[in-house]
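All values derive from a computational prediction rather than experimental measurement.
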Amino acid sequence: MNEGNVAPLYQQIKEDIKATIEQGKYKVKEQIPSEPELSAEYSVSRITIRRAIEELCSEGYLIKRQGRGTFVSAPRIHRKIAEGNRLESFTKTCQNYGMQAGAKLISRQIVPVRKDDKDFFGFGSDELLLYIERVRTADGLPIFLENLFLPYQKYRALMDENLNDCSMFETIERVGKKAIHDTSRRSLEIARASSDQAQKLGIPVGEPLLHMNCYFIDQDGIPLCIGRQYYVGSRYMFEL
């Protein structure tokens, strides 16, 4: 390490490993040396190496696999947003990157409507929504928390569906006979991961998240569902 560099050792090591990844020394999905090996290579403690590795994992450069080691992660996924453009499902986006899309169902519940929901769907106060929460992954790496709200009466069959490792866009079309075409409006803001979100996404508490609200409609402009998603900022990028 450069003794004249005022940056902490873990930061220097982190930047050095990042550079080797960007230069192609470590390939995507390739296992990097173990902590003891890196500790010996850089002549620093394992604690220093561990912190550098943890930050690289948080930033999406590396991924730890239980019992197997640490591997170079796939590049951050990009998704373009353009007014009036038809939206692409996460499953399709992953396919474009040569990655395997995955999904783990966390919960599904029947919930009352809130004012924002009523305004979008044109519901009365006695209507119910089906709330589905999943963790979406790309090659096993958690990318975002998917929170979908759908009219319960129309989509009640989803209560019995296997919602693991499938596209909700395709499932919604199959069950409701209407395809998600676009959004009537959407918003994007920065949030910080709560302890619950951090646990589900495998990131530190307080990690920056991209919080997106989407109001999905079919090709006739009829409301279909609401998405309130939380993307790991270091693993997913929106191009505006």
Side-chain angles (χ1 to χ4, degrees), residues 14-15 17-35 37-38 49-81 87-107 132-148 161-172 180 188 191 193 196-205 207-212 214 227-239:
K14 168 190 163 185
E15 294 302 322
I17 296 175
K18 184 191 297 186
T20 63
I21 293 172
E22 292 174 343
Q23 293 165 9
K25 179 181 176 182
Y26 297 137
K27 307 294 185 183
V28 172
K29 298 184 180 181
E30 180 182 347
Q31 185 175 8
I32 68 168
S34 65
E35 287 184 6
E37 290 171 326
L38 290 172
I49 292 295
R50 187 171 297 122
R51 182 166 182 184
I53 296 300
E54 287 175 351
E55 292 214 355
L56 287 167
C57 288
S58 295
E59 293 181 10
Y61 285 90
L62 298 174
I63 180 172
K64 288 187 175 181
R65 300 193 183 280
Q66 187 68 33
R68 294 177 56 194
T70 304
F71 296 79
V72 178
S73 180
R76 184 158 53 173
I77 298 172
H78 292 225
R79 178 180 178 182
K80 291 184 178 180
I81 299 178
L87 294 178
E88 188 173 70
S89 72
F90 178 71
T91 299
K92 178 62 176 176
T93 300
C94 285
Q95 290 174 357
N96 293 339
Y97 276 80
M99 304 170 74
Q100 179 65 46
K104 178 183 178 182
L105 179 66
I106 302 299
S107 68
I132 296 170
E133 181 185 21
R134 305 193 304 170
V135 173
R136 297 307 315 265
T137 61
D139 285 349
L141 179 68
I143 301 297
F144 70 100
L145 277 176
E146 180 181 65
N147 299 284
L148 293 177
E161 288 274 335
N162 180 2
L163 300 180
N164 291 303
D165 296 328
C166 67
S167 166
M168 282 305 302
F169 275 27
E170 294 174 1
T171 304
I172 287 170
I180 289 175
L188 186 65
D196 179 64
Q197 291 169 332
Q199 180 181 22
K200 292 171 180 174
L201 292 168
I203 57 175
V205 174
E207 177 85 1
L209 300 174
L210 298 170
H211 176 39
M212 174 170 263
C214 285
R228 298 189 174 103
Q229 330 295 27
Y230 290 87
Y231 297 84
V232 180
S234 60
R235 300 171 185 170
Y236 205 87
M237 177 184 293
F238 291 98
E239 295 182 7

| query | Atom CD1 in I17, atom CG in L56: separation rounded to 0.5 Å? | reply | 6.0 Å
| Is the closest basic N to carboxylate O distance between K18 and E15 below 4.0 Å? | yes
| What distance do Q100 atom CD and L141 atom CG have between them, rounded to the nearest 0.5 Å? | 13.5 Å
| said: Keeping D165 on the side-chain end and G102 on the backbone end, is there a donor-acceptor pair under 3.5 Å? | reply: no
| Shortest non-hydrogen separation from T137 to C94 and the atoms involved | O-SG, 4.5 Å
| request: Can you label the angle between the F144 ring and the F90 ring as parallel, tilted or perpendicular, going by 30° and 60°? | output: perpendicular
| request: Could you please spell out the steps behind the side-chain contact (heavy atoms from CB on, under 4.5 Å) verdict for T91 and R136? | output: CA-CA 9 Å; T91 299; R136 297 307 315 265; 3.5 Å; yes
| message | To check you understand the geometry: which heavy-atom pair defines the closest contact between V135 and K200, and what is its length? | response | CG2-O, 3.9 Å
| query | So, for E35 and K64, which heavy atoms are closest and what is the spacing to 0.1 Å? | reply | OE2-NZ, 4.1 Å
| query | Can you check whether P204's main-chain N or O pairs, donor with acceptor, with E207's side chain at less than 3.5 Å? | reply | no
| Would K29 and F71 satisfy side-chain contact (heavy atoms from CB on, under 4.5 Å), going step by step from the backbone distance to the final call? | CA-CA 6 Å; K29 298 184 180 181; F71 296 79; 5.8 Å; no
| About how many Å separate SG of C214 and CG of L188, when rounded to the nearest 0.5 Å? | 8.5 Å
| query | Would Y61 and E22 satisfy side-chain contact (heavy atoms from CB on, under 4.5 Å), going step by step from the backbone distance to the final call? | reply | CA-CA 9 Å; Y61 285 90; E22 292 174 343; 3.3 Å; yes
| Which heavy atom of V72 sits nearest a heavy atom of L62, and at what distance? | CA-CD2, 3.9 Å
| If you round to the nearest 0.5 Å, how far is CG of L145 from CZ of R134? | 11.5 Å
| Going from CD on E133 to CD on Q229, what distance comes out if it is rounded to the nearest 0.5 angstrom? | 10.5 Å
| query | Around Q95, counting heavy atoms of other residues, nucleotides and ligands shown, do more than 12 lie under 6.0 Å from its CD? | reply | yes
| remark: Nearest heavy-atom approach of Y230 to L201 is O-CD1, 4.3 Å
| said: With rounding to the nearest 0.5 angstrom, report the CD1 to CD1 distance, I21 to I32. | reply: 6.5 Å
